[in-house]
Amino acid sequence: MERRVYNFGAGPATLPLPVLKEAQRELLNFRASGMSVLELSHRSSWFSEIIETAQANLRTLLNVPEHYHILFLQGGASLQFSMLALNLLHSSSPPADYVVTGTWGNKALAEAQRQGQVNVAWDGKAEGYTRVPEQQELSLNADATYVHFTSNETIQGVQFQHAPLVGGVPLVCDLSSDFLSRPLEVERYALLYGGAQKNVGGAGVTIVIVRDDVLATMPEDTPSMLNYRLLAEKNSLYNTPPTFAIYVVMLVTGWLLEEVGGLERMDELNRQKAQVLYEAIDHSQGFYRGHAQGDSRSSMNVTWRLRDTALEAAFVQQAQARDLVQLKGHRSVGGIRASIYNAMPSEGVQALRDFMDEFAKQNG
Ligand code: PMP
C-alpha cells in the first residue's frame, strides 16, 4: 500500500481511493483495447462509451431532464465567467444580476462587466464575506438577463442552503466547489457549471449543464470554442476534449452511484463530517473562531482563525506532521481551511478534530 495522507486541499483535491485504484488498474490496458485511456482516440468507440457513461451517470445522479445538455469543456470555471457572459449578455441586453458572496463571485462579476451591463444584487464585502444573503436582501430586477450566484465560496467557506428565488429570470450558478455534494434541482437553473477538480475528478475538465432554450440565444459571431450551441451539437467533441479527465469523471460518478448510493446519502455524510469540525470550533471556548456565520457555514470548506493568530503557522505545521495536510487558509482570509469534499473519509475529519482538541488543550 502506498503512503496516503489526509489531504484537506481546496482543489485539486483528494479523490476516492477506489477511483484511483481503478484508474491504476486499467491505466495500461483499457477494457481489452490494449491501449491506455491516455492513448485512445476521442473518436473511438471506447471513448464514446466513456463520455456517454459519464453523461448518463450525471443525468442519473442529478435527475437532469432531457431538455438539458451536459458539456465537458476546458478553461476551468474561470473561462465560464467570461463564456457565459459572452453567450448570454449582449450589448443590448438588460443588466445581469450578480449576487457576490466571496472571491469567486467577484471574479465572475468582473468578467461579466467586460461583456455587458451588470447589477450587483447583493455584496457581502462590508461584512467580510461571512454569510450568504436572505432572499429579501437581494435587489433583483424582474427583467434581468440572468441572475448569477456562487453556490459555495471556496475561499470564505460560505454556502447557500437554497438557491435564490428569481421568478422567471434565468438562474446561472457556479457550483465548482459543491457540485455533486448534495441533490440539486437542476430544473431551476438555465445554466450551471463547475470545474471537476474538487468533487468530481481531476483538473482539466469543466462540467456545464445548460437548458436547451438558452442555446438558441447565442450570437452568430461567438467564437467556435466559446459557443455553447456548437459544443452541445458536437457533444463536446468539436475538438479534442480532455479525455483522461472525462474518464475520471466517469469513475467518480460511478463511485457516487454504486458505492455511496447517490447524492442524498452523500449529503448526509458531508453534513456529518462538517458538523464534527464546526462542533470542535464551537466547543473550543473561543480558541478557534469560525469565519462563516450560522446557516451560511459551508459543508465543503470549513474556515476558521485561531484566537491567537500567531499560533496558526504552528497549527498547520503540527497537523502536517500527522499527515493532515494542506490546512493553511487562503491568504485573503488567513487562518485555517479544511476542505472536506465528498472523497474525504470521516476518519480524516475525526483525526483532524482530535488534533484540534489536543492543540487547543496544549496552547489554550
Ligand atoms: N469558482 C469557484 C467556486 C472555485 O472554487 C474556483 C477554483 N478554486 C473557481 C471558480 C475557478 O476555477 P478554475 O481554477 O477551474 O478556473
Side-chain angles (χ1 to χ4, degrees), residues 7-15 71-86 98-114 122-125 129-132 146-161 163-164 171-182 184 189 191-209 225-226 236 241-242 244-246 248-249 252 270 274 291-292 296-303 326-333 337-344:
N7 173 6
F8 294 93
T14 192
L15 283 168
L71 310 179
F72 298 111
L73 307 182
Q74 300 191 58
S78 300
L79 182 60
Q80 290 309 305
F81 297 160
S82 309
M83 186 167 166
L84 73 91
L86 188 73
Y98 273 72
V99 182
V100 180
T101 51
T103 307
W104 295 108
N106 259 313
K107 293 204 175 196
L109 169 74
E111 294 303 326
Q113 274 166 337
R114 295 170 191 267
W122 191 80
D123 189 336
K125 187 172 182 190
Y129 295 122
T130 52
R131 65 179 182 96
V132 300
Y146 59 83
V147 177
H148 181 281
F149 76 106
T150 312
S151 180
N152 180 64
E153 280 285 357
T154 321
I155 290 175
Q156 283 79 14
V158 299
Q159 184 178 29
F160 282 85
Q161 301 311 324
L171 186 60
V172 177
C173 183
D174 175 2
L175 279 142
S176 292
S177 51
D178 61 358
F179 193 55
L180 302 186
S181 72
R182 59 186 179 181
L184 185 71
Y189 299 84
L191 187 143
L192 46 91
Y193 63 96
Q197 67 271 23
K198 296 157 199 306
N199 257 337
V200 202
V205 65
T206 307
I207 298 170
V208 173
I209 303 182
M225 281 299 289
L226 301 176
S236 305
F244 195 79
I246 294 170
V248 178
V249 171
V252 172
N270 284 331
H291 176 79
S296 301
R297 284 174 154 185
S298 168
S299 60
M300 296 281 99
N301 312 96
V302 181
T303 49
Q326 298 230 62
L327 282 163
K328 190 170 178 338
H330 189 274
R331 61 190 176 282
S332 60
V333 175
R337 170 173 57 172
S339 298
I340 48 172
Y341 300 121
N342 288 353
M344 172 58 65

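Position 1 is the first residue of the sequence; numbering continues from there. Just follow the structure's listing: the first ligand is 1, and inside any ligand the first atom is 1.
Note on ring orientation: taking the six-membered ring where Trp is involved, the planes of Tyr193 and Phe81 are perpendicular (angle over 60°, cut-offs 30° and 60°).
For Thr101, the side-chain contact (heavy atoms from CB on, under 4.5 Å) partners two or more places apart in sequence, or in a different chain, are Val99, Trp122, Val132, Pro133, Thr150, Glu153, Val158, Phe160.
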*Would you please test Thr103 and Gln156 for side chain to side chain contact (heavy atoms under 4.5 Å, CB included) and show each step?*
CA-CA 8 Å; Thr103 307; Gln156 283 79 14; 2.9 Å; yes

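Between Met83 atom CE and Met225 atom CE the span is 8.0 Å, to the nearest 0.5 Å. The line from CG of Asn106 to CD1 of Ile155 is 10.5 Å long, rounded to the nearest 0.5 Å. Note that the CG atom of Leu109 and the CZ atom of Arg114 stand 11.0 Å from one another [nearest 0.5 Å].
Contact residues of ligand 1 (protein heavy atom closer than 4.0 angstrom to a ligand atom; sorted by chain and number): Gly76, Ala77, Ser78, Phe81, Trp104, Thr150, Asn152, Thr154, Asp174, Ser176, Ser177, Gln197, Lys198.
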